[in-house]
Amino acid sequence: MLKCGLFFTSYNKEDQLFPSMFQKTCLGLFLVAMLIAPQVLDFYYISVMNLIMIAVIGAVSLNLLTGVCGQMSLGHGAFVGVGAYGCAVLAAKGVPFVLCLLGGGALAAVAGMFFGIPSLRLKGIYLAISTLAAQMILEYVFLHWSAFTGGANGMPVDPPSIMGFSFDSDERMFYLIFAVTVLCVLGVSNIIRSRSGRAFVAIRDFYQSAENVGVNLFQFKLQAFATSSFMAGIAGGLWAYYTMYITPEQFSISLSISYLAMIIIGGMGSVTGAIFGAVFITLLPEVLNTATSLVGSFAPDISALMAPLKEGIFGLTLVLFLIFEPEGLVRKWKMIKAYWKLYPFAY
Amino acid sequence: MEYYLQLIINGLVVGSIYSLVALGFVIIYKATKVVNFAQGEMVMAGAYICFALTVQYQIPFALAFVMTLAFSVLLGLLIERMILRPLIGEPIISVIMVTIGLSSILKSLVQVFWGTQIRVFPHILPQEPFMLMGLPIAPVYIAAFVLCLLLFAIFSLFFKYSSVGIAMRATAFDQQAAQSMGIGIKNIFALSWCIAAVVSSIGGIILGNINGINSQLGHLGLKVFPAVILGGLDSLLGAALGGLIIGVLENVCEGLARELFNLGGFKEVASFVVLVIILMVKPYGLFGTEEIERV
């Protein structure tokens, strides 16, 4: 729903990312707020925000593949891992930061394309299972190719630096990650508006019609896998640089599942939705931590139950969302906006 | 040679448990077209309930076994009614994700009640190994294998001859047509979840008797995917054979990788490598129905 008094006189105007001045102002304010944030916030909040932004890149990229193109992937966590290891290995060889990040992304894109090849013949559940195989195989590679990945011990990563400026604190990393996140989110929004994006949507909605109107299924499916995994690789690279130590279990199947949960809870096929979902799923354990430390003073046993509780609440949230709000948080957001715009006349 | 023979036998035993879990998976898929990612966690839940009854409440094993099955029926009903029914007609990704959510819930419940350490069942069968062609085999292995064969025979007959079994096949084939012939689809859905929960629990109890159980048992559910894809998603015979083949294959691959390349843990991934190959070559598996689409 558009703001009252907003008329389009050409198709290009309708196709704009931010059609109204109000939206631009809000985004501008948000940008300023984000730039000031690290100066005023406490260390803990900055680190949580960094993790959220990395999750946003992952979720937005998975949403391009699963939400927009309709190719379900249970292997996204592993592609993030390929990016992280790619970056770490390149960085250890002394390659400059920007090249490392792009190299990690490219490596992840290659992995994504390789495991995306079966997608021409498979769909639905079969594709989900073949990407599950990708996850398991890549996890095995991380764990056992010790010459490159350090095996189960993992490998350390030095903080990145550009032209001698080292991003060695959480605040500095914040700006770096923020810049990359903005680039990725804008990138995905623009891909969705482009010719490829429309082809992706056509494939998701009905692949046979798409093929009939001249969409090359194989080309566009592979393109979706490549772009999505490339960005996943970027997310992985940033993660490696930010946490400064990577181990195989960070990129296990549960990471893939939490990315899927992000796009489902946020809203499939919508960039805003993926962002909401990433924020929600990353904040969930943090909120739970705070809650248990509050309750912990009354019931000291509860800290032992922390890990299972986190898992259970994650599962419960997922189930409840799927049952009661299958279209995700983005639908709630739209309803709030509609309420606001229509205010005294709610019809 | 003896080494490999031993590997094959171990593979057959583990494979027969995969077959059981795959059987539950296939029954649900056949009747409801739901892909159940929580199958491994259902195995775990059954195993822990039986463990709690026999060890913590000191109930004799036979009685505890029956009580566990009764509990599984309840669990199946509960899952179907509370979680799956609201999602009838939703896209496949939602249904997959809801079963993934369910698996997280079951896993966390087990960890809350029983913690994460390995628990061992009391020994029911004699420990003295049984000699077969000069190889020692524990009686529990043979019991597991026989029990699995028995269950398969029962279910094959059930689907072939009983009226409920025929109704389940009809539902699987065409839900609308079945409903218009007076078959209660909702009951069929509930029944298939109950059967799946029961066979999974039996698998869990057998596993508990072989290796003991811990809260990572649910990981077993992932092994079921290669087995059912190999056999064909909607074929009982396929599930049985697929489970056995995957069980043998992963043990033999593990042995080979250890001997030839000195690589450990190849077991975990061998079945998935096979899975990718099967999906590329024969996506509907050995006995699965091919979906043919015409425009």
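Letters A, B, ... are given to chains in the order of the sequence lines, protein chains preceding strands, and every chain is numbered from 1.
- Only the side chain of A/M72 comes within less than 4.5 Å of a heavy atom of chain B; its backbone N, CA, C and O stay farther away.
- Residue A/L260 holds its CG atom at 4.5 Å from CE of B/M97, rounded to the nearest 0.5 Å.
- Put simply, the side chain of A/L318 does not reach to within 4.5 Å of the side chain of B/V98, judged on heavy atoms.
- Of the atoms belonging to A/A128, it is side-chain heavy atoms, and not backbone ones, that fall under 4.5 Å from chain B.
- Chain B forms more heavy-atom pairs under 4.5 Å with one residue of A/T66, A/I117, A/I125 than with any other, namely A/I125.
- One finds the CE atom of A/M136 at 7.0 Å from the NZ atom of B/K223 (value rounded to the nearest 0.5 Å).
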Step-by-step side chain to side chain contact (heavy atoms under 4.5 Å, CB included) determination, A/M268 to B/I93: CA-CA 10 Å; A/M268 295 268 281; B/I93 179 169; 3.6 Å; yes
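- Residue A/Y126 touches chain B through both its backbone and its side chain, counting heavy-atom pairs closer than 4.5 Å.
- For A/I264, the part lying near chain B is the side chain, with the backbone staying farther off; criterion is any non-hydrogen pair under 4.5 Å.
- In terms of heavy-atom pairs under 4.5 Å with chain B, the best-connected choice from A/I129, A/L143, A/I323 is A/I129.
- A/L122 touches chain B through its side chain: at least one heavy atom from C-beta onward sits under 4.5 Å away, while N, CA, C and O do not.
- For chain A, the nearby parts of B/F266 are the backbone and the side chain; heavy atoms of each come within less than 4.5 Å.
- The part of B/V281 that comes within reach of chain A is its backbone (N, CA, C, O), which places non-hydrogen atoms under 4.5 angstrom from that chain.
- No more than 12 heavy atoms of other residues, nucleotides or ligands shown are found within 6.0 angstrom of CH2 on A/W333.
- Atom CD of B/Q176 has 12 or fewer neighbouring heavy atoms from other residues, nucleotides or ligands inside a 6.0 Å radius.
- Considering every non-hydrogen atom in both B/V112 and A/P308, the closest pair reads CG2-CB, 3.9 Å.
- Checked against the 6.0 Å centroid criterion, the rings of A/Y140 and B/F272 do not qualify as a close aromatic pair.
- Distance check: A/S254 OG to B/I100 CD1 gives 11.0 Å after rounding to the nearest 0.5 Å.
- For a residue to count as touching a neighbouring chain, one of its non-hydrogen atoms must lie under 4.5 Å from one of that chain's; by this rule B/V35 touches chain A with the side chain only.
- At a 4.5 Å heavy-atom cutoff, A/L320 makes no contact with chain B through either its backbone or its side chain.
- Under a cut-off of 6.0 angstrom, the local environment of NZ in A/K334 is sparse, with at most 12 non-hydrogen atoms contributed by other residues, nucleotides or ligands.
- Dense packing is recorded around CZ of B/R85, with more than 12 heavy atoms of other residues, nucleotides or ligands lying under 6.0 Å away.
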